A.B. asks: 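A single structure is presented below for examination.
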Amino acid sequence: MISRAQQRAITNDWQAEFPTLAVYRPMWLARRCGPVLIGLCLDRGGGDNYYPTWHYHCLLRPWPDISLSLATRLGQPHGSAEYVSLRVHAQRFVEIATRTRSSASFPLDGDLSLSQFKAVCDAWLQRQRVDLSPPVLADIVLLSAWCGSDWQAHLRLVERLTSQWPQRVNDFVGGTVNWLANLTAAASNRTELDRTMENEITTHKLQNLPASEFIK
C-alpha cells in the first residue's frame, strides 16, 4: 500500500510537473473552468500502483463526490491502461508525466469553450457503451444552457439519441420521459444552475483551485 506520506510526496512530484493544476486531495490535481472541473487523478489501483487518469466533473448537478467522468488512463483507448509502481516512481514519473500531459483531452490552462468540451465528449461517446452516455449527454445540455448557447438544439439531439437506447439504459435513468423532463427543467433555470454550481464548489471545497472561464 502507498502510505499517506508517500501519497503526499507523489502528489507534490506531479504538481511540480503540472503547475497550472493545484492539489485538490492527495493523489489528485485539478483546476476549474466555470462549472467544469478538470482533474488528473492518480488513481490507486491497489497495492503499490497508481494510474494517471484524466477526467472532468460537472458542477451543475448535485453530486455527493467528484465523479471521474470521461475517465481516461494513460495508454487508453487503444491499449491497456498504464500504471506507475511505487518502486519505480522516482525514476519514471517525469517521463510518464510528459506522456500524460500529451494525452490530456482538455486544455491545461486558459478558458474552456463549449465547442472544445463537446468535441471531447463526442469522441469519447463514440468509443463507449451507450450505458455510460446519459450523464455526459446531460452535462452537454446543462453547460450549453449555463453559457447561453442554444441548449434546446442540444436537447433535441439528445432526445433523438434516447430513442435508440436499449431498455436497460431507460431503466437506469428511471425512464427517458422523466429523465428528459427533469433535464429540460434544470436547463431552463439559469438561476438554479448558478446556485447549484456555487453550492457544489463549497460542498467539495473547490474554492482554492485555479479558476478560468467556461465560454461559448
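Sequence positions, counted from 1, serve as the residue numbers for this chain. None of these values were measured; they are calculated from a predicted model. Side-chain atoms are counted along with the backbone in the values below, which use heavy atoms only and exclude waters and symmetry mates.
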A.B. asks: Within the side chain of Asp111, is there an N or O that forms a donor-acceptor pair under 3.5 Å with the backbone of Glu213?
C.D. replies: yes
A.B. asks: Does any N or O in the side chain of Ser115 come within less than 3.5 Å of the main-chain N or O of Ser113, such that one atom is a donor and the other an acceptor?
C.D. replies: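 No, because the side chain of Ser115 does not come within donor-acceptor range (under 3.5 Å) of the backbone of Ser113.
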A.B. asks: With rounding to the nearest 0.5 Å, note down the distance linking CD1 in Ile96 to CZ in Arg101.
C.D. replies: 13.0 Å
A.B. asks: State whether Arg87 and Asp48 are salt-bridged, where the test is any N-O pair (Lys NZ or Arg NE/NH1/NH2 against Asp/Glu carboxylate O) under 4.0 Å.
C.D. replies: no
A.B. asks: Could you tell me the separation between the CE atom of Met27 and the CD atom of Gln6, rounded to the nearest 0.5 Å?
C.D. replies: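 The CD atom of Gln6 is 9.5 Å from CE of Met27, to the nearest 0.5 Å.
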A.B. asks: Counting only N and O atoms by type, is there a donor-acceptor contact under 3.5 Å from the side chain of Thr20 to the main-chain atoms of Leu108?
C.D. replies: yes
A.B. asks: Without swapping roles, check the side chain of Gln116 against the backbone of Phe106 for a donor-acceptor pair under 3.5 Å.
C.D. replies: no
A.B. asks: Determine yes or no for a side-chain-to-main-chain donor-acceptor pair under 3.5 angstrom, with Ser212 supplying the side chain and Gly110 the backbone.
C.D. replies: yes
A.B. asks: Return yes if some donor-acceptor pair links the side-chain N/O of Gln15 with the main-chain N/O of Leu21 below 3.5 Å, else return no.
C.D. replies: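 Yes: the side chain of Gln15 pairs with the backbone of Leu21.
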A.B. asks: Just wondering, more than 12 heavy atoms not from Trp124 lying within 6.0 Å of its CH2?
C.D. replies: yes
A.B. asks: Can a donor-acceptor pair be found, under 3.5 Å and without considering hydrogens, that links the side chain of Thr72 to the backbone of Leu70?
C.D. replies: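 Side chain of Thr72 to backbone of Leu70: a pair is present.
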A.B. asks: State whether the side chain of Trp14 and the backbone N or O of Cys41 hold a donor-acceptor pair below 3.5 Å, judged by distance alone.
C.D. replies: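 Judged by distance alone, no pair lies under 3.5 Å.
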A.B. asks: When you compare the side chains of His55 and Ser69, does any donor N or O come within less than 3.5 Å of an acceptor on the partner?
C.D. replies: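 His55 vs Ser69: no donor-acceptor pair found between side chains.
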A.B. asks: Less than 4.0 angstrom from a charged side-chain N to a carboxylate O is my criterion; do Glu198 and Arg195 meet it?
C.D. replies: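 No, Glu198 and Arg195 are not salt-bridged.
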A.B. asks: CD1/Ile66 to OH/Tyr56 distance, rounded to the nearest 0.5 angstrom?
C.D. replies: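 Answer rounded to 0.5 Å: 12.0 Å.
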A.B. asks: Does the side chain of Val136 come within less than 4.5 Å of Gln128's, by heavy atoms?
C.D. replies: no
A.B. asks: Are Val177 and Leu183 co-members of a hydrophobic cluster defined by side-chain heavy atoms under 4.5 Å apart?
C.D. replies: no
A.B. asks: Go through the steps to decide whether Trp165 and Ser133 satisfy the test side-chain contact (heavy atoms from CB on, under 4.5 Å), and finish with yes or no.
C.D. replies: CA-CA 10 Å; Trp165 283 355; Ser133 66; 3.8 Å; yes
A.B. asks: Quick check for you: to the nearest 0.5 Å, what is the distance between Trp146 atom CH2 and Leu193 atom CG?
C.D. replies: 9.5 Å
A.B. asks: When rounded to the nearest 0.5 angstrom, what distance separates CG in Leu112 from CZ in Phe117?
C.D. replies: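 CZ of Phe117 is found 7.5 Å from CG of Leu112.
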A.B. asks: Any heavy-atom pair between the side chains of Ile201 and Gln207 that's under 4.5 Å?
C.D. replies: yes
A.B. asks: Using a 6.0 Å cut-off, check whether atom OH of Tyr83 has over 12 heavy atoms from anything other than its own residue.
C.D. replies: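 Counting neighbours around OH of Tyr83, 12 or fewer heavy atoms of other residues, nucleotides or ligands fall under 6.0 Å, so no.
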A.B. asks: Evaluate the criterion salt bridge (Lys or Arg N to Asp or Glu O under 4.0 Å) for residue pair Glu82 and Arg92; output intermediate values, then yes/no.
C.D. replies: CA-CA 12 Å; Glu82 185 171 349; Arg92 295 199 58 205; 3.3 Å; yes
A.B. asks: Can you establish whether the number of heavy atoms outside Asn208 located under 6.0 Å from its atom CG is more than 12?
C.D. replies: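 12 or below, so no.
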A.B. asks: Distance only, no hydrogens: is a donor on one side chain within 3.5 Å (strictly under) of an acceptor on the other, for Tyr24 and His204?
C.D. replies: no
A.B. asks: To the nearest 0.5 Å, tell me how far Leu40 CG sits from Leu29 CG.
C.D. replies: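 Spacing of CG (Leu40) from CG (Leu29) equals 5.5 Å.
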